[in-house]
Amino acid sequence: MKIGTWNVEYAYERRLDAIRTVINANPADIWILTETHDDLVPDGCEFVAHSLPRPRNWNGIRGGSRWVSIWSRYPIVEQISLDGADEKRTVIARIKPNGSSTLLVYGTVLPWKGDEQVFNWDKHHRVIGEQAREWRELKERYPDADLVIAGDYNTDMGTGRRYGTKRGIADLNKALDLCGLYCATAPDLLPENALTHWPIDHISIPKRWQTFTNVAAAWDANRKVHSDHSGLVLQIDPQ
């Protein structure tokens, strides 16, 4: 199974063909796309769970824009709603990769410095705590399901020197650990020279997958062509 994530920076119409070319060259069974648009459908992924439409509060946002979309080759049997969840910036899909297993995919865009005119990291830190409670709720509600947390973390998950804060990274790692997860795209787990800069888009998966998971693909940002974010695909090959 391959799981990919990429912030496609609004999926502007003029960039759609270039974005599709990259996605098709790095196929995944499940895509968590952020800052995306309904027109961007990965090949072979017929099932989808969308966050609510983005507010059209400036001219770069057109109808069909989303903060998060989860696209899957496997059936999405339920789009899960949690009380109090931010359904504009998060979406949760229950997916059946095969007849017996269940996968919960939680797609997210965490706040950044300057988000909604908050020019510090307070909102980022607060929302990490809020979403962490939702991850624990999902684990309690679906104890036999595997959980994946993916999307735009708005932090490098390394030192925070590129983007983020030490507190935010520590809080994320603690929250993931409490759910039995780890960030499989943290800088120290990337192949050497995979990316020019550490990513801020990440995929966290169950710890028990670690021995059979690797980064299958990674590509640098190219704002003039497709996006100001790099993208990643994980390969999970259980024995």
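We number each residue from 1, following the sequence as shown. We use all heavy atoms of the structure for the numbers below, so side chains are in, but hydrogens, waters and symmetry mates are not.
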| field | Over 12 foreign heavy atoms within 6.0 Å of NZ, Lys174 | value | no
| Side chain Asp156, main chain Thr159, donor-acceptor under 3.5 Å | yes
| said: Under 6.0 Å between ring centres: does that hold for Trp31 and Trp6? | reply: no
| request: Might you confirm whether atom NZ of Lys88 has over 12 heavy atoms from other residues, nucleotides or ligands at distances under 6.0 Å? | output: no
| message | Measuring from atom OG of Ser230 to atom NE2 of His197, what distance do you get when rounded to the nearest 0.5 angstrom? | response | 9.0 Å
| query | Within the distance-only criterion (no hydrogens, no angle test), does the side chain of Thr36 pair as donor or acceptor with the backbone N or O of Leu33 below 3.5 angstrom? | reply | no
| message | Return the CG to CG distance between Leu190 and Asn214, rounded to the nearest 0.5 Å. | response | 11.5 Å
| remark: Minimal heavy-atom distance between Ala93 and Ala49, with the atoms involved, is CB-CB, 4.0 Å
| Between Asn7 and Asp201, does any side-chain donor sit less than 3.5 Å from a side-chain acceptor? | no
| Electrostatic pair Asp115:Arg89 at N-O distance under 4.0 angstrom | yes
| task | Taking only Lys NZ, Arg NE, NH1 and NH2, and the carboxylate oxygens of Asp or Glu, determine whether Arg141 and Glu137 approach each other closer than 4.0 Å. | result | yes
| request: Carefully, step by step, assess Asp43 and Arg20 under the rule salt bridge (charged side-chain N to carboxylate O under 4.0 Å, His left out). | output: CA-CA 9 Å; Asp43 281 355; Arg20 289 188 184 107; over 6 Å; no
| query | Going by distance alone, is a donor N or O of one side chain under 3.5 Å from an acceptor N or O of the other, for Glu87 and Ser81? | reply | yes
| request: Determine, for Arg126 against Glu130, whether the closest basic-nitrogen to carboxylate-oxygen distance falls under 4.0 angstrom. | output: yes
| field | Tyr163 ring center within less than 6.0 Å of Trp121 ring center | value | yes
| message | Given 3.5 Å as the limit, does a donor-acceptor pair link the side chain of Ser51 with the main chain of Val68, or not? | response | yes
| request: Determine whether the side chains of His124 and Thr165 contain a donor N or O and an acceptor N or O closer than 3.5 Å. | output: no
| said: Quick one: does any side-chain atom of His37 pair with a main-chain N or O of Gly63 as donor and acceptor, under 3.5 Å? | reply: yes
| message | Connecting only ILVMFWY residues whose side-chain heavy atoms lie within less than 4.5 Å of each other, what is the rest of Ile61's hydrophobic cluster? | response | Tyr10, Tyr12, Trp58
| Cluster overlap Val233 with Ile30, hydrophobic side-chain contacts below 4.5 Å | no
| Taking Thr185 for the side chain and Ile203 for the main chain, is one N or O donor matched with an acceptor at less than 3.5 Å? | yes
| message | Less than 3.5 Å apart, any donor N or O on the side chain of Thr108 or Gln131 sitting next to an acceptor on the other? | response | yes
| request: Decide whether Leu234 and Leu104 are clustered together by the hydrophobic rule: side chain heavy atoms of Ile, Leu, Val, Met, Phe, Trp, Tyr closer than 4.5 Å, transitively. | output: no
| task | May I ask you to check if Arg54 and Trp67 form a cation-pi contact, with NZ or CZ under 6.0 angstrom from the six-membered ring centre and within 45° of the axis? | result | yes
| field | NZ/NE/NH1/NH2 to OD/OE distance under 4.0 Å, Lys2 and Asp29 | value | no
| said: Strictly below 4.0 Å, N to O, side chains only: are Glu35 and Arg66 in salt-bridge contact? | reply: no
| request: State whether a side-chain donor-acceptor pair under 3.5 Å links Gln210 with Tyr182. | output: no
| query | Between Lys96 and Ser101, does a side-chain hydrogen bond (donor to acceptor under 3.5 Å, both in side chains) hold up when you go through it step by step? | reply | CA-CA 6 Å; Lys96 298 290 282 186; Ser101 65; over 6 Å; no
| said: Which residues pass the ring-ring contact (aromatic ring centres under 6.0 Å, His included) test with His50, not counting sequence neighbours? | reply: Trp71
| field | Short N-O contact, Arg73 and Glu46, less than 4.0 angstrom | value | no
